[in-house]
Amino acid sequence: MAEPLLKVRDLSLTYWRRTGLFGRGSQAIQALNDVSFELNAGETLGIVGESGCGKSTLARCLLRLLRPSNGSIQFDGVDLLALNADDMRQMRQRMQIVLQNPFASLNPRLKGFDLIAEPLRTHAAMTRETMKDRVAALLTEVGLSLDFMNRHPHQLSGGQAQRIALARALALNPAFVILDEPTSALDVSVQAQIINLLIRLQRQRRLTYLFITHDLSVIQHISDRIAVMYLGKIVEETSSEEVFAHPQHPYTQALLSSTPAPDPKSDRQRIILAGTVPSALNPPPGCSFHPRCPQVMDRCRTLRPELRWTSADHRVSCHLFDALE
Ligand code: ADP
Ligand code: MG
């Protein structure tokens with residue numbers, strides 16, 4: 001077996017929010033709590049969880065835009081947290097991110113050509129001609145005609161803008177792309193087109209994806225593996241097929257029951273979760289999911305479950321599986 005491209009160990013991050021009239025007090029928000037996973041080259045790991053569970057914080061830590069309070073990140077055998085600023089800048093060419101709202105990430109004053117050429121200008125020395133060829137090739141790759149070189153972001157639809165953002169992210173031939181809710185702002189029909197484009201680009205370029213979403217149904221077909229997050233923790237992780245066929249965590253089961261079933265005649269029951277997502281400011285004791293869990297037991301209220309393997313391929317953090325130890 002080849003080494004995973006990305007190895008994340010025990011990643012934790014706490015934000016401090018100032019409180020009080022003069023900002024003298026502070027409150028801890030534990031946004032990431034001992035997150036560990038591996039990702040093989042050429043594969044997609046889907047990260048799913050409700051808003052506020054720490055997905056974007058994880059993305060920002062992986063790119064070292066935020067410094068985790070604890071843990072390690074190995075990318076292609078390199079310890080990212082140990083790199084100096086120059087080496088990290090070099091490394092970032094191989095790691096790119098595409099965000100939910102392309103209009104917020106694309107400079108409105110620039111035209112398509114400059115939006116895509118910008119990373120080439122800062123990182124690679126090339127003639128104007130070569131650059132033009134590169135931009136043209138990237139536009140074709142993302143399914144846009146060469147006219148888009150001359151368009152400003154306000155002249156683009158959401159789907160077209162996301163294609164430009166993708167072309168820009170691919171300009172320096174990265175190995176790894178983080179997709180942070182890349183289709184959440186798009187119409188459903190456009191979402192499918194972008195997912196298909198991402199799948200094709202992955203095959204052609206052998207890209208590795210971390211695909212972040214709050215919507216499990218979006219990542220079913222693109223993910224090899226799926227990790228479910230709840231309040232800063234991974235609560236379940238396994239292959240994509242297994243998540244949909246045999247979800248183990250009650251939270252995963254609830255998420256799944258709220259996505260449309262592929263077969264409308266299926267007897268999948270909709271599980272309504274009680275309460276709202278608790279705040280990372282004040283996480284509940286024991287299992288942080290217990291206040292909303294339909295299968296809550298006494299020990300869940302006090303004892304924190306560990307994330308452990310229930311089979312060679314499946315990890316879950318839930319006291320329902322304690323007996324398997
Ligand atoms: P997600 O992307 O899953 O919606 P985030 O990673 O954005 O979640 O946020 C995780 C938690 O951290 C939330 O409780 C959020 O309010 C908090 N948070 C995010 N960014 C900051 C920040 N810069 N300062 C303080 N708290 C933050
Ligand atoms: Mg987010």
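Order of listing sets the numbers, starting from 1, for every ligand and every atom in it.
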Check: Between S317 and Y230, do the side chains contain an N or O donor and an N or O acceptor separated by less than 3.5 Å?
Finding: no

Check: Do the side-chain N and O atoms of H314 and E236 include a donor-acceptor pair separated by under 3.5 angstrom?
Finding: yes

Margin query: One pair to check against side chain to side chain contact (heavy atoms under 4.5 Å, CB included): L99 and I97. What are the steps and the verdict?
Written below: CA-CA 6 Å; L99 301 169; I97 187 163; 3.8 Å; yes

Decide whether an N or O pair under 3.5 Å exists between [X] and ligand 1.
| X | answer |
| --- | --- |
| G54 | yes |
| G52 | yes |
| I29 | no |

Next item on the list: Could you list the atoms of ligand 1 found under 4.0 angstrom from a heavy atom of T57?
Entry: 5 (P), 6 (O), 9 (O), 10 (C)

Check: Which atoms from ligand 1 have a heavy atom of S51 less than 4.0 Å away?
Finding: 4 (O)

So does [Y] get a backbone contact from the side chain of [X], meaning a donor-acceptor N/O pair under 3.5 Å?
| X | Y | result |
| --- | --- | --- |
| K55 | G49 | yes |
| S36 | D10 | yes |
| T208 | G42 | yes |

Next item on the list: Under 2.8 Å from the Mg ion (ligand 2), which protein N, O or S atoms are there? Could you list them by chain and number?
Entry: S56 OG

Check: What residue and heavy atom of the protein are closest to atom 24 (N) of ligand 1, and at what distance?
Finding: Y15 CD2, 3.6 Å

Notebook entry, point to check: Identify the closest protein heavy atom to atom 7 (O) of ligand 1: which residue and atom is it, and at what distance?
Noted result: S56 CB, 3.9 Å

Next item on the list: Identify the residue among S288, C300, C287 that makes a side-chain contact (heavy atoms from CB on, under 4.5 Å) with P305.
Entry: C287

Next item on the list: Mind telling me whether H154 and H152 have parallel, tilted or perpendicular rings, with 30° and 60° as the class edges?
Entry: parallel

Notebook entry, point to check: Quick one: does G49 get within less than 4.0 Å of ligand 1, heavy atoms only?
Noted result: no

Notebook entry, point to check: Would you say atom 15 (C) of ligand 1 touches the protein, meaning some protein heavy atom is under 4.0 Å from it?
Noted result: no

Check: So which pairs with a foot in residues 107-131 pass salt bridge (charged side-chain N to carboxylate O under 4.0 Å, His left out), sequence neighbours left out?
Finding: D114-R121, E118-R168

Note to self: How about CD on Q155, more than 12 heavy atoms from neighbouring residues, nucleotides or ligands closer than 6.0 Å, or not?
What the structure shows: yes

